[in-house]
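A short worksheet on the structure shown next.
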There are 2 protein chains.
Amino acid sequence: MNGDKNNATRAAILEAAEQIMREEGYAAVSSRKIAAKAGLKSQLVHYYFRSMDELFLALFQRVDEQRFQLLTQALASKRPLHALWKMSTDTNGPWLNKEFIALATHREQLREEIARGTERTRRIYAAVLARVLEERGLAHEAWPPAALAILLDGAARLMNSEAALGSSTGHQEAKNFIMHFLDQIEGQTAGPAVALYNSGT
Amino acid sequence: MNGDKNNATRAAILEAAEQIMREEGYAAVSSRKIAAKAGLKSQLVHYYFRSMDELFLALFQRVDEQRFQLLTQALASKRPLHALWKMSTDTNGPWLNKEFIALATHREQLREEIARGTERTRRIYAAVLARVLEERGLAHEAWPPAALAILLDGAARLMNSEAALGSSTGHQEAKNFIMHFLDQIEGQTAGPAVALYNSGT
DNA sequence: GTCTATAGGCCGATAGAC
DNA sequence: GTCTATCGGCCTATAGAC
């Protein structure tokens, strides 16, 4: 990889690549299309990234870093779980998960990088859940934070993906259900949480 | 589209296409690769499918039909929810969701077909949930079947996708949690279910 | 660092013989 | 229905001038 990491041309290339990926999917990302969108010659793309693999890797790292920053901000909010949920249901957010995961099918290095990013995000999500449940006195071995994180993240991604296809069967019910759940453990505003379940009887 | 729908060559082409899609992702599916895998000339692919769009559409319909058959079988089992869960967590099952969804980004006809298939599957899933909750006396407006269907399906797909990347953080917790949930509403074997929650206090 | 020029490959699709 | 032959396009990547 040549050139300064903070080079403006390099940044323009990644920005154009990300736009194409959002609009047309990863398979449409080519050095020629990137160059056309950024107003450059396609050979310049190869100057900054010696291969498309390298470009996709740099693009993922950029997106992952943005996501991490947003995640960190969400943690500092009054109701971090609501903030995380809002973030993960934002289809314009820096996720692009579908594309990168499909792209990673047979690109070893990218696959590992995405797995790392996924795990980091999951651990943060689970840690926040654990902390909130603990604070509200709702911690219970039957509600493992890691499991809840997967249910929430999975539902968000599934609905994002289906919405992109133009399908929304059951989405409103799921969103209401999850919002109700979040309100219960984190409060409707910043007030006290109510009991979720009764262990006995 | 030419040729008999039950033609053996046609079937071999679709079978080869499906294999390539599983192994290398949709972007690797080309008439030449299909032909190589099926031991045919690439032009034959164009004889049976006048365009790749048409081929992908036929492939999706084939996969969707298989899925529908399995779904129908699951409904007839003693514990349909357990059967559905097992089915959706089977990474070798006829899902291929990731690939088709990524592929559909800018293929209008395929997008509509996938949306239709998604909704049909979702409705069946939700209907089974509604029926079981009803039978067990657990029906309650706070647990809308459509929402539960999305949570279960989303978690299954997320874990499938992550497992393919080599990541499994929290998966065991989530699987245990969901299995516990299914056991509660559908019984551990085929026995009676226990109460899930108390509405009052 | 950006340009011109170009090699070399895989692709979808069609024409026409048999 | 399957074959041979082939067109035109877009792709990644490199060489070498400035």
Side-chain angles (χ1 to χ4, degrees), chain A residues 1-21 23-60 99-100 102-110, chain B residues 1-21 23-60 99-100 102-110:
Chain A
M1 191 187 327
N2 302 301
D4 185 352
K5 263 226 165 187
N6 297 322
N7 183 286
T9 307
R10 197 188 127 99
I13 289 170
L14 289 178
E15 178 58 33
E18 185 176 332
Q19 275 186 39
I20 295 167
M21 208 173 188
E23 293 162 7
E24 305 180 55
Y26 81 84
V29 178
S30 70
S31 55
R32 281 171 159 83
K33 277 198 184 162
I34 291 172
K37 178 155 292 219
L40 306 166
K41 297 290 169 182
S42 71
Q43 294 88 335
L44 256 191
V45 174
H46 295 290
Y47 172 76
Y48 283 96
F49 305 94
R50 77 181 64 241
S51 72
M52 293 304 285
D53 268 51
E54 204 173 276
L55 185 148
F56 281 123
L57 198 58
L59 182 54
F60 175 75
E99 296 303 333
F100 277 117
L103 177 56
T105 312
H106 262 192
R107 308 209 186 206
E108 189 58 17
Q109 217 187 338
L110 187 56
Chain B
M1 188 185 329
N2 302 302
D4 186 351
K5 264 229 166 185
N6 298 322
N7 183 285
T9 306
R10 196 188 128 99
I13 289 171
L14 289 178
E15 178 59 33
E18 184 175 335
Q19 274 186 41
I20 295 167
M21 209 172 189
E23 292 162 7
E24 305 180 55
Y26 80 86
V29 178
S30 69
S31 57
R32 281 170 163 82
K33 277 198 185 161
I34 291 171
K37 179 157 293 223
L40 305 167
K41 297 290 170 183
S42 71
Q43 294 88 336
L44 257 190
V45 175
H46 295 291
Y47 172 75
Y48 283 95
F49 305 94
R50 76 182 65 240
S51 72
M52 293 304 285
D53 268 52
E54 204 173 277
L55 186 149
F56 281 123
L57 198 58
L59 183 54
F60 174 75
E99 297 302 334
F100 277 116
L103 175 57
T105 311
H106 263 191
R107 308 209 185 205
E108 189 59 15
Q109 216 187 340
L110 187 56

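Each chain gets a letter, A, B and so on, in the order the sequences are listed, and its residues count up from 1. Keep in mind that this is a model prediction, so the values were computed, not measured.
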Just do the salt bridge (Lys or Arg N to Asp or Glu O under 4.0 Å) check on E15(A) and K37(A) with the steps written out, would you?
CA-CA 10 Å; E15(A) 178 58 33; K37(A) 178 155 292 219; over 6 Å; no
Between I34(A) and L55(A), does the side chain to side chain contact (heavy atoms under 4.5 Å, CB included) criterion hold? Intermediate values first, please.
CA-CA 11 Å; I34(A) 291 172; L55(A) 185 148; 3.8 Å; yes
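- In this structure, the CG atom of L40(B) is 17 Å from the C1' atom of dG12(C), given to the nearest Å.
- Summarising the geometry, the separation between CD on E54(B) and P on dA13(C) is reported as 10 Å, rounded to the nearest angstrom.
- Note on T9(B): only backbone sugar-phosphate atoms sit closer than 4.0 angstrom, heavy atoms only; bases stay farther off.
- The separation between H46(B) atom NE2 and dT2(D) atom P is 15 Å, rounded to whole Å.
- Considering only side-chain N and O atoms, Y48(A) lies under 4.0 angstrom from the phosphate OP1 or OP2 of dT2(C).
- Here the P atom of nucleotide dC3(D) and the CZ atom of R32(B) are 15 Å apart, to the nearest Å.
- At a threshold of 4.5 Å between non-hydrogen side-chain atoms, the residues V29(A) and F56(A) count as touching.
- Put simply, S30(B) has no side-chain N or O that comes within less than 4.0 Å of OP1 or OP2 on dC10(C).
- The nearest whole Å value for the distance from the CG atom in L44(A) to the C1' atom in dT2(C) is 5 Å.
- For the pair I20(B) CD1 and dC10(C) P, the interatomic distance rounds to 14 Å; values are reported in whole Å.
- Straight-line distance from the CD1 atom of I34(A) to the P atom of dT2(C): 15 Å, rounded to whole Å.
- Picking from dG1(D), dC11(C), dT4(C) the nucleotide with the shortest atom distance to the side chain of Q43(A) gives dT4(C).
- Here the closest heavy-atom approach between residue A58(B) and residue R10(B) is recorded as CB-NH2, 4.0 Å.
- Counting non-hydrogen atoms under 4.0 angstrom, S51(B) reaches the backbone sugars and phosphates but no base.
- Residues T105(A) and E99(B) form a side-chain contact, since some pair of their non-hydrogen atoms from C-beta on lies under 4.5 Å apart.
- Counting only heavy atoms from C-beta on, K33(B) has its side chain closest to dC11(C) among dC11(D), dT2(D), dC11(C).
- Taking atom NZ on K41(B) and atom P on dA5(D), their separation rounds to 10 Å, with Å as the unit.
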